[in-house]
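Data first, discussion second: the structure below is written as structure tokens.
Excluded from the calculations below are hydrogen atoms, water molecules and symmetry mates; all remaining heavy atoms, backbone and side chain alike, are included. Since we're looking at a predicted model, the values are computed, not measured.
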Amino acid sequence: MSVRIGVIPVTAFMQNCRIIAREGGHDAIAVDPGDRANEIACMAEDADLHLSGIVITHAHLDHIGGAADLQELTGAPIYGPCIEDQALIDAIPRQSEGLGLRQCKSFKPQFVSDGQILKIGDLPALEVIATPGHTPGGACYYCKEEGFVLTGDTLFQLSMGRTDFPGGDEDAIYESLGKLMRLPDATKVLPGHGMDSTIGFERENNPCVAQALRRA
Ligand SMILES: [Zn+2]
Ligand SMILES: [Zn+2]
């Protein structure tokens with residue numbers, strides 16, 4: 001891989017916030033900054049990287065809690081999730097209370113849609129794959145050039161995201177998993193929680209994926 005991917009675990013939910021930059025590049029993106037906006041901004045600065053975008057997989061607080069602060073600190077635009085998560089973004093203050101986290105600010109992202117190509121700074125292109133189910137507006141981001149996909153809380157190693165939160169939809173998440181399984185086997189899976197994996201490993205071993213493929 002010719003990209004560098006750093007992971008900062010954020011919130012009590014140990015969400016994998018990632019900072020991605022090209023080897024020798026000047027720009028970086030932060031994916032799902034659930035918290036620790038200051039540290040994320042400093043990390044980019046220390047590496048001589050310009051934070052050119054904040055990329056969001058879905059509007060749960062452990063993924064977006066630090067987005068407004070990080071935007072304020074860096075001026076970076078916020079991309080994603082899909083517009084169907086608008087209601088969850090509006091409910092950020094209520095989400096913070098419900099999860100016992102500190103009060104977080106709402107923000108105005110540039111919503112993304114299925115098939116859209118995001119070209120941010122000097123980073124390789126990211127293709128949006130709309131993956132509703134865990135939330136209505138969930139999105140995964142596929143980097144064909146580098147062979148990885150950011151799967152948020154849709155696909156985990158040997159598991160998938162819960163569908164019993166408000167707006168969750170079991171049929172939809174199975175359909176979304178089926179969509180992800182169209183990616184090449186060698187594609188690295190970078191989830192919002194837990195260990196990294198590959199599409200091939202998940203197709204072979206993940207019981208939720210097996211269920212999704214049976215339903216298709
Ligand atoms: Zn979530
Ligand atoms: Zn999460």
Side-chain angles (χ1 to χ4, degrees), residues 1-81 89 92 95-96 99-112 117-128 139-153 156-157 187-198:
M1 250 196 219
S2 60
V3 288
R4 288 182 290 161
I5 303 180
V7 181
I8 305 179
V10 291
T11 78
F13 303 94
M14 295 297 282
Q15 202 278 116
N16 296 322
C17 168
R18 294 174 201 265
I19 299 177
I20 304 179
R22 221 184 245 290
E23 209 63 71
H26 300 286
D27 298 309
I29 53 171
V31 183
D32 286 354
D35 196 8
R36 300 171 73 178
N38 274 310
E39 275 162 84
I40 296 164
C42 287
M43 225 173 122
E45 214 180 289
D46 290 348
D48 260 332
L49 293 167
H50 175 247
L51 197 79
S52 307
I54 299 165
V55 174
I56 305 289
T57 62
H58 68 290
H60 280 153
L61 208 61
D62 53 325
H63 299 254
I64 59 171
D69 288 343
L70 189 57
Q71 179 167 53
E72 231 172 81
L73 284 167
T74 63
I78 301 175
Y79 301 98
I89 294 175
I92 286 175
Q95 278 199 58
S96 345
L99 292 169
L101 299 174
R102 67 181 176 83
Q103 276 281 347
C104 295
K105 278 173 265 167
S106 194
F107 55 87
K108 290 206 184 338
Q110 299 180 23
F111 289 110
V112 296
I117 305 289
L118 286 182
K119 194 72 194 74
I120 305 172
D122 62 10
L123 281 124
L126 296 174
E127 181 188 340
V128 177
C140 295
Y141 298 90
Y142 174 48
C143 180
K144 190 175 175 184
E145 187 186 317
E146 296 293 332
F148 67 83
V149 61
L150 297 152
T151 59
D153 290 359
F156 299 129
Q157 187 196 67
T187 308
K188 242 187 144 187
V189 172
L190 309 178
H193 303 266
M195 306 282 282
D196 296 349
S197 185
T198 65

Exercise. Pick out which of V149, T187, L126 makes a side chain to side chain contact (heavy atoms under 4.5 Å, CB included) with C143.
Key: L126

Are side-chain heavy atoms of [X] and [Y] found at a separation under 4.5 Å?
X: H63; Y: Q15; result: yes
X: L51; Y: L73; result: no
X: I29; Y: Y79; result: no
X: D69; Y: K105; result: yes
X: T151; Y: T57; result: no
X: D62; Y: V10; result: no

What closest approach, in Å, do [X] and [Y] show between heavy atoms, and which atom pair accounts for it?
X: D32; Y: G152; answer: OD2-CA, 4.5 Å
X: P77; Y: S52; answer: CD-O, 3.4 Å
X: E145; Y: P124; answer: OE1-CB, 3.6 Å
X: A37; Y: G66; answer: CB-O, 3.7 Å
X: A59; Y: P81; answer: N-CG, 4.2 Å
X: Y142; Y: F148; answer: CD1-O, 3.4 Å

Atom pair [atom1] ([X]) and [atom2] ([Y]), whose distance is rounded to the nearest 0.5 Å:
X: N16; Y: M195; atom1: CG; atom2: CE; answer: 10.0 Å
X: I40; Y: I54; atom1: CD1; atom2: CD1; answer: 8.5 Å
X: D196; Y: R18; atom1: CG; atom2: CZ; answer: 4.5 Å
X: L49; Y: H26; atom1: CG; atom2: NE2; answer: 9.5 Å
X: R36; Y: I8; atom1: CZ; atom2: CD1; answer: 6.0 Å
X: D122; Y: R22; atom1: CG; atom2: CZ; answer: 6.5 Å

With distance as the sole test, does [X] use its side chain to make a donor-acceptor pair with the main-chain N or O of [Y] at under 3.5 Å?
X: E23; Y: R4; result: no
X: K119; Y: L123; result: yes
X: Q71; Y: A76; result: yes
X: Y141; Y: I56; result: yes

Quiz item: Near E45 CD, under 6.0 Å, is it more than 12 heavy atoms from other residues, nucleotides or ligands?
Solution: no

Quiz item: For the residue pair H193 and F13, is the inter-centroid distance of their aromatic rings smaller than 6.0 Å?
Solution: no

Practice problem: Might you work through the side chain to side chain contact (heavy atoms under 4.5 Å, CB included) test for V55 and I120, ending with a clear yes or no? | Solution: CA-CA 10 Å; V55 174; I120 305 172; 3.8 Å; yes

Quiz prompt | Full working for side chain to side chain donor-acceptor pair (under 3.5 Å) between H58 and D153 | solution = CA-CA 8 Å; H58 68 290; D153 290 359; 3.3 Å; yes

Quiz item: Hey, are D35 and T11 close enough side-chain-wise for a donor-acceptor pair under 3.5 Å?
Solution: no

